[in-house]
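Okay, structure first, notes after.
No hydrogens, no waters, no symmetry mates; every other heavy atom, side chains included, goes into these values. Per chain, numbering begins at 1; letters A, B, ... match sequence-line order. Small disclaimer: the values here were computed from a predicted structure and weren't measured.
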Amino acid sequence: MNTYDTIMKLALERGFYFPSCEIYGDAPAGFWDYGPTGVNMKNRFVELWRRELVRRDGMLEIDGSQIMSKSIFIASGHITNFTDPMIICKQCGSTFRADKHIAEITGHELPELASGSEIDNIIVENKLSCPKCGGPFEKSTRFNMMFKIGIGPSNDEAYLRPETCQSIFVDFPRIFKTMRGRLPLAIAQLGKSFRNEIAPRQSLLRLREFYQAEIEIFCNPNRLDEVPKFEEMKKKVLRLYINDSYQEITAQDAVDQLIIPNNLVAYYLTLLVLFYEKTGIDMNRTRLRQLSTSEKAFYASFAFDFEVETSIGWLELVACNYRSDYDLRGHSTVSKQNLHVIDPIDNTKVLPNVFELSMGIDRSIYSILEHSFFEDFEHERTVLRLRPYLAPILAGILPLITKDGLREKAQLIYSQLKLDFPVFYDESGSIGRRYRRLEEIGAPFAVTVDRQTLSDDTVTIRNRDTMLQLRIQISELSNYLHKEAYKLVS
RNA sequence: GCGAAGUUAGCCCAGCCUGGUUAAGGUACGAGCUUCCCAAGCUCGGGAUCGCGGGUUCAAAUCCCGCACUUCGCACCA
């Protein structure tokens with residue numbers, strides 16, 4: 001069994017995640033639910049995101065509506081651009097991406113916005129036919145990956161947002177005015193996005209409904225190098241992947257050598273890397289990959305992906321795009337609102353540019369699970385070596401045996417801790433079995449009540465990774481857990 | 001979307017070819033006994049209308065048809 005399957009099995013058996021609507025046969029693919037264990041872990045991950053990105057950098061966080069009006073997506077370009085041109089064979093029904101097929105056969109790179117008739121003309125001119133059966137093609141069509149919905153009794157056209165950031169762009173003017181905004185201003189949002197994928201696969205890795213954490217940094221395009229806080233992290237070594245080769249280089253050097261275009265981008269890429277270091281992902285299996293022109297999203301003027309290597313290949317966790325003024329300009333034009341702001345440094349009006357970090361939460365959760373998974377053959381155990389601050393359960397409270405008042409003592413300790421910490425009481429089965437159960441869902445500590453506890457009010461704390469125990473006063477337990485569990489390791 | 005394989009308890013799976021009592025086993029789970037420290041042992045227990053729907057038949061997990069989902073390949077994709 002490969003690692004992906006092992007994690008999948010663990011997720012299903014231990015309540016991390018599982019298919020949505022699974023008791024019904026018509027459950028659509030691409031929708032997954034987080035179970036009790038998974039939702040705890042996801043919440044802890046979100047706490048870390050708030051701590052290490054939002055609060056650390058002083059970002060503003062919003063929580064926007066998931067349903068948005070049609071105009072939003074006219075302005076954003078999604079109505080026309082967020083589509084794949086498709087051609088279907090009349091004879092065998094095979095479908096192909098029109099632009100890819102044309103490029104492959106004729107070498108013609110079609111522009112993003114090629115119209116249907118242009119595509120049809122090229123097919124006719126070049127006498128293209130189905131590569132499978134040689135049959136002729138139908139007229140090309142476009143498949144839009146947004147979910148269209150109808151609002152109210154008149155069924156007004158609206159869409160589920162395909163990315164959370166559109167809320168940020170359209171909320172920007174109010175936030176900037178009311179929150180005493182000043183460029184550069186970072187606005188963050190964590191929430192659901194929806195994309196009607198043609199073929200969702202691999203559980204959390206390609207979903208139709210998924211969590212994104214997006215950070216949009218609004219900046220003055222003339223002051224992209226004026227980022228004082230870059231000072232403190234410019235010596236950080238980044239693992240860049242450019243034109244199929246790795247370069248380990250400090251953030252400062254990357255800017256000096258024009259690999260990273262400016263200090264602002266370098267600062268936020270470094271902040272992102274520092275964040276992921278704290279998730280427990282093996283940073284030696286990550287990279288910041290520079291995207292080529294053909295790979296970039298339609299709105300990006302340059303782009304890096306933060307990627308992580310897993311058992312099923314390199315996985316994109318964060319898309320880092322410089323969107324220039326594409327979004328604000330689009331929304332300004334369609335809404336006829338003036339979205340310029342004043343930069344008080346020189347009192348000039350500027351339409352802010354945007355650099356974005358678009359993070360996939362579900363993929364991040366999966367990657368953390370996979371990189372934390374450890375099979376300890378020596379002790380015949382499987383251990384999820386999650387960082388304590390990401391663990392769904394922080395500690396199990398266990399009476400060594402249930403007799404002689406140990407059960408009652410353990411339950412008392414449990415009730416004293418459970419409001420402050422995600423702890424778990426378990427008296428079922430042998431002590432070894434209970435340790436194994438905790439290890440499997442990543443609980444970093446196990447508190448065991450034994451006979452000595454009754455005489456001197458001490459308990460043992462077992463460390464998940466070392467299996468070693470130390471004995472402390474019950475009165476010190478809360479402090480210990482707080483210190484050990486929330487201590488950030490970098 | 002195309003092609004192939006698969007779907008029986010939380011999980012792994014037997015049974016299907018050759019239709020016929022109460023669908024077997026392992027593991028996990030729960031209760032008890034035992035034991036103060038790493039998946040031990042013993043006893044007992046709950047849990048499946050066999051993916052969904054239809055058909056054939058006196059009788060369907062088993063034969064036939066349709067659908068859904070999963071995995072893999074192709075095609076595609078943040």
Between [X] ([atom1]) and [N] ([atom2]), how many Å, whole number?
| X | N | atom1 | atom2 | value |
| --- | --- | --- | --- | --- |
| A:Glu440 | B:rA28 | CD | P | 11 Å |
| A:Asn463 | B:rC38 | CG | C1' | 14 Å |
| A:Leu398 | B:rA39 | CG | P | 14 Å |
| A:Arg14 | B:rC29 | CZ | P | 7 Å |
| A:Asp456 | B:rC36 | CG | P | 19 Å |
| A:Glu13 | B:rC11 | CD | P | 7 Å |
| A:Phe18 | B:rC69 | CZ | P | 19 Å |
| A:Tyr4 | B:rU71 | OH | C1' | 9 Å |

Validate the cation-pi geometry between [X] and [Y]: distance from NZ or CZ to the six-membered ring centre under 6.0 Å, angle to the ring axis within 45°.
| X | Y | answer |
| --- | --- | --- |
| A:Arg239 | A:Tyr246 | yes |
| A:Arg289 | A:Phe306 | no |
| A:Arg287 | A:Trp314 | yes |
| A:Lys42 | A:Tyr211 | yes |
| A:Arg385 | A:Phe374 | yes |

Base of B:rC69 relative to its sugar, syn (within 90° of 0) or anti?
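Anti, which is what one calls it when the glycosidic angle falls more than 90° from 0.
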From the options [options], select the nucleotide whose nearest atom is closest to the side chain of [X].
| X | options | answer |
| --- | --- | --- |
| A:Ile401 | B:rU35, B:rC37, B:rG10 | B:rU35 |
| A:Lys9 | B:rC12, B:rC76, B:rC38 | B:rC12 |
| A:Leu400 | B:rA39, B:rC37, B:rC38 | B:rC37 |
| A:Arg206 | B:rG30, B:rA39, B:rC76 | B:rC76 |
| A:Gln469 | B:rA39, B:rC37, B:rG30 | B:rC37 |

So does [X] get a side-chain nitrogen or oxygen closer than 4.0 Å to the phosphate oxygens (OP1/OP2) of [N]?
| X | N | answer |
| --- | --- | --- |
| A:Arg437 | B:rC29 | yes |
| A:Arg433 | B:rC29 | yes |
| A:Ser430 | B:rA39 | no |

Using the [atom1] atom as the reference point in each nucleotide, state the distance between [N] and [M] in Å, no decimals.
| N | M | atom1 | result |
| --- | --- | --- | --- |
| B:rU21 | B:rC63 | P | 16 Å |
| B:rU34 | B:rG15 | P | 42 Å |
| B:rC38 | B:rG20 | P | 49 Å |
| B:rG53 | B:rA9 | P | 16 Å |
| B:rA14 | B:rG25 | C1' | 7 Å |
| B:rG19 | B:rG1 | P | 36 Å |
| B:rC17 | B:rU22 | C1' | 25 Å |
| B:rG30 | B:rU70 | C1' | 31 Å |

Quick one: look up who [N] pairs with, Watson-Crick or G-U, both distances under 3.5 Å, and put none if it's unpaired.
| N | answer |
| --- | --- |
| B:rC33 | B:rG41 |
| B:rC74 | B:rG1 |
| B:rG20 | B:rC58 |
| B:rG47 | none |
| B:rC52 | B:rG66 |

First of A:Asp450 and A:Leu12 reached from the 5' end of RNA chain B, by closest nucleotide
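It is A:Leu12 whose nearest nucleotide is closer to the 5' end.
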Which comes earlier along RNA chain B counting from the 5' end, the contact point of A:Leu205 or that of A:Glu380, where each point is its nearest nucleotide?
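Its nucleotide being nearer the 5' end, the pick is A:Glu380.
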Kindly say whether A:Leu384 contributes a backbone atom to a donor-acceptor pair with the side chain of A:Arg464 at under 3.5 angstrom?
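Looks like yes, one N/O pair under 3.5 Å.
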Between A:Lys409 and A:Asp450, does any NZ, NE, NH1 or NH2 come within less than 4.0 Å of an OD or OE carboxylate oxygen?
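Looking at A:Lys409 together with A:Asp450, the answer is no, because their closest N to O distance does not fall below 4.0 Å.
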Describe the nucleic acid contact of [X] in one word from base, sugar-phosphate, nothing, applying a heavy-atom distance below 4.0 Å.
| X | result |
| --- | --- |
| A:Ser428 | sugar-phosphate |
| A:Gln452 | base |
| A:Arg434 | nothing |

Tell me every residue that passes ring pair (Phe, Tyr, Trp, His ring centres under 6.0 Å) with A:Phe218, counting only those two or more places apart in sequence or in another chain.
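Ring pair (Phe, Tyr, Trp, His ring centres under 6.0 Å) check on A:Phe218 returns A:Phe172.
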